[in-house]
Amino acid sequence: MCGIVGYIGRREVLPVLVRGLEGLEYRGYDSSGLACFDPEHSRIVAVKEKGKLDQLKARLEGFHHNGCIGIGHTRWATHGAPTRDNAHPHLDASEQFAIVHNGIIENYERLKTDLLRAGTHFKSETDTEVFVHTWGRLARKIRDVREAFRQTVLKCHGRFAFVGMSLKTPDRIFVFRRSNPIVIGAGSGEYFVASDVTALLPYTREVIYLEDDEMAEVLRSEVKFYNVKTGKRMQKKSIRIDWSSEQAQKGGWPHFMIKEIHEQPDVLETALAKRIQKGRIVWDTLSKKAEARLKKIRKIFAVSCGTAFHAGLAGKYMLEEYAKIPVETSVSSEFRYSDPILEKEDMVLLVSQSGETADTLAALHEAKERGAFSLALVNVVGSTLAREADAVIYTHAGPEIGVASTKAYTAQLIHLALFSIYLGKLRGKISNQNLKTLLGHAKKLPAHIRQFLVKGKAKVEECADALSDKPNLIYLGRGYNYPTALEGALKFKEITYKHAHGYAAGEMKHGPIALVDKNLPVVSIAPASKTYEKMMSNIEEVKARDGIIVSIGTRGDEKLRLKSKYFLEIPSVPEIFSCILTVIPLQLLAYQAAVLNGREVDQPRNLAKSVTVE
Ligand code: AGP
């Protein structure tokens, strides 16, 4: 999805814009551009190019400019091919107005028809261009640039963010958001605008998130906020982001993904330290009112997408075993159109790393319309889901840049495990002794992962060597590790581009076993559990048909080791925590196989880090 940056201050604007766009590259894009105010010639200069930022930088070489205000954009094509003409920014006919945009203007054809009738000439196939022409025409008519910007926004239907600038007001930038995130970073006598806080971190950690239907007029000395519907001024507070810019860089690792895999022990340690205080599980963001509501919850709907869905599915097993609350799981894209039967005693648990996934946001709106209690489990502070749900729990996994989610997933799992135990205690289902024992096991998890990342790495690399050229793999799991099978398969397929499919192991006889032959790797997640014997039967069935057996099992399990071509072992932990350990070898396996296949590990083809469109 698209990325937006803007700057106003005292610095030379070009390097600031380019650096900001570099901070957004992970979002995926196919063209880029920037526009800045050239004070010497009193004009807006726009430079844009198809392809990666290197192509844009090549066009900027020898381009000297001392302007200090500008906007930039990385485009993920929705309307019109990824060409230079379709790249943003877009200027109006007079070249006195420039705009960059993220999202979709759903009624752009009608607006375009009106403009064409008025004789407007379009240079691009984009929906965006209708905004800048409408804005320019209105501004000339009402002679008020800010009001014209506001009225233009109101003419557009859809979910989007706009950042614009005008020659008529060369000392300010105009910003608007509806559903597509925009954050403003505050410096000293300067302000930064971006789609994502990562692009601001090199300059500031004081940020202000725009909420839906809010617009801002950004000057060097201040930011004025307005409700776009009423035009009235409003006040907003800044928040401090505790991510350093270093965190958001690779720190010496070849890829963000492998760095983030190795950050998992620290992420879990942070979560455990924050959530377990004096032997109790505490939540800094849950009010007494929310806690009272949680006590009475009748049923939980865990709703999310992709990896976050797998976390929600693992949460189902956790919540049902420890909190004794029935849980129904759904992918957000199905939930939102299924006319869900929700009561106000129900809770919708929305799991999301970005907090901006369009389908999950839509699921939240379904929940709110039906009066259910909504709890968001989110990584990005201040994200839309975090701010619109009735309650939020942050996973504090730090910025996850790699498109393939890893540390955010295990952060979700540990929070879901602690939340399930907390709810169980709150509702009288867990004794003090049981709580103490469980928390004791939880505190050992970071060390277990650290140990595997050191001791298990060579075995994983050996396994990846053998599997990386296989066109198909299947992953099998049961109970808490059925979601692990789904997640392991997703990791493998999304970064190696090879087909991998996760199954509930009991389903083998209902079809998938037809796939098994001597070329098919079968990754079986079979730690000590109440379904261990059943898993062993499945592994026998695969062995009898010469399948290649890769097992994730409990340390010392000789029986499983002897049956497996590759045996990756984890320590013995209660089942609720086993899914946090068993996924680590699978993350590494996918990563190694992707590297061996020469893939774009951090930005796999066709994928975006956060799917903010349907
Ligand atoms: C996971 O590796 C994928 N990148 C993708 O499935 C992701 O989990 C999904 O898009 C949900 O994103 P969210 O957690 O930000 O809502």
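Read the numbers this way: they start at 1 and go in the same order the structure lists the ligands and their atoms. Nothing here was measured: the structure is a model prediction, and the numbers come from that model. For reference, positions follow the sequence shown, starting with 1.
- No hydrogens or angles considered: nothing links the side chains of Glu356 and Ser383 as a donor-acceptor pair under 3.5 Å.
- Below 3.5 Å of separation, one finds an N or O of Gln353 facing an N or O of ligand 1.
- Here's the thing with Thr357: one of its N/O atoms is less than 3.5 angstrom from an N/O atom of ligand 1.
- Protein heavy atom at the shortest distance from atom 7 (C) of ligand 1 is Thr307 N, 4.1 Å.
- In this structure, atom 11 (C) of ligand 1 lies nearest to the protein heavy atom Cys305 O, 3.4 Å.
- Applying side chain to side chain contact (heavy atoms under 4.5 Å, CB included) to Glu487 and the options Tyr482, Tyr475, Tyr409, Phe492 leaves one that passes, Tyr409.
- Of all heavy-atom pairs between His415 and Leu377, the closest is CB-CD1, 3.8 Å.
- On a distance-only criterion, Ser352 and ligand 1 share at least one N/O pair closer than 3.5 Å.
- Listed by number with element, the atoms of ligand 1 under 4.0 angstrom from any heavy atom of Ala404 are 2 (O).
- Checking Thr484, Ile552, Ile570 one by one against Leu581, the side chain to side chain contact (heavy atoms under 4.5 Å, CB included) holds for a single residue, Ile570.
- Residue contacts with ligand 1, taken as heavy atom pairs separated by less than 4.0 Å, do not involve Lys609 at all.
- Inter-residue side-chain proximity for Phe162 and Ile182 is flagged as unmet; no heavy-atom pair is nearer than 4.5 Å.
- At a 4.0 Å heavy-atom cut-off, ligand 1 touches Glu494 through the side chain alone.
- Between the side chains of Thr406 and Gln587, no donor-acceptor pair is found at a separation under 3.5 Å.
- Residue Val403 has at least one nitrogen or oxygen atom sitting less than 3.5 Å from a nitrogen or oxygen atom of ligand 1, judged on distance alone.
- Between the side chains of Asn86 and Ser31, not a single donor N or O lies within less than 3.5 Å of an accepting N or O.
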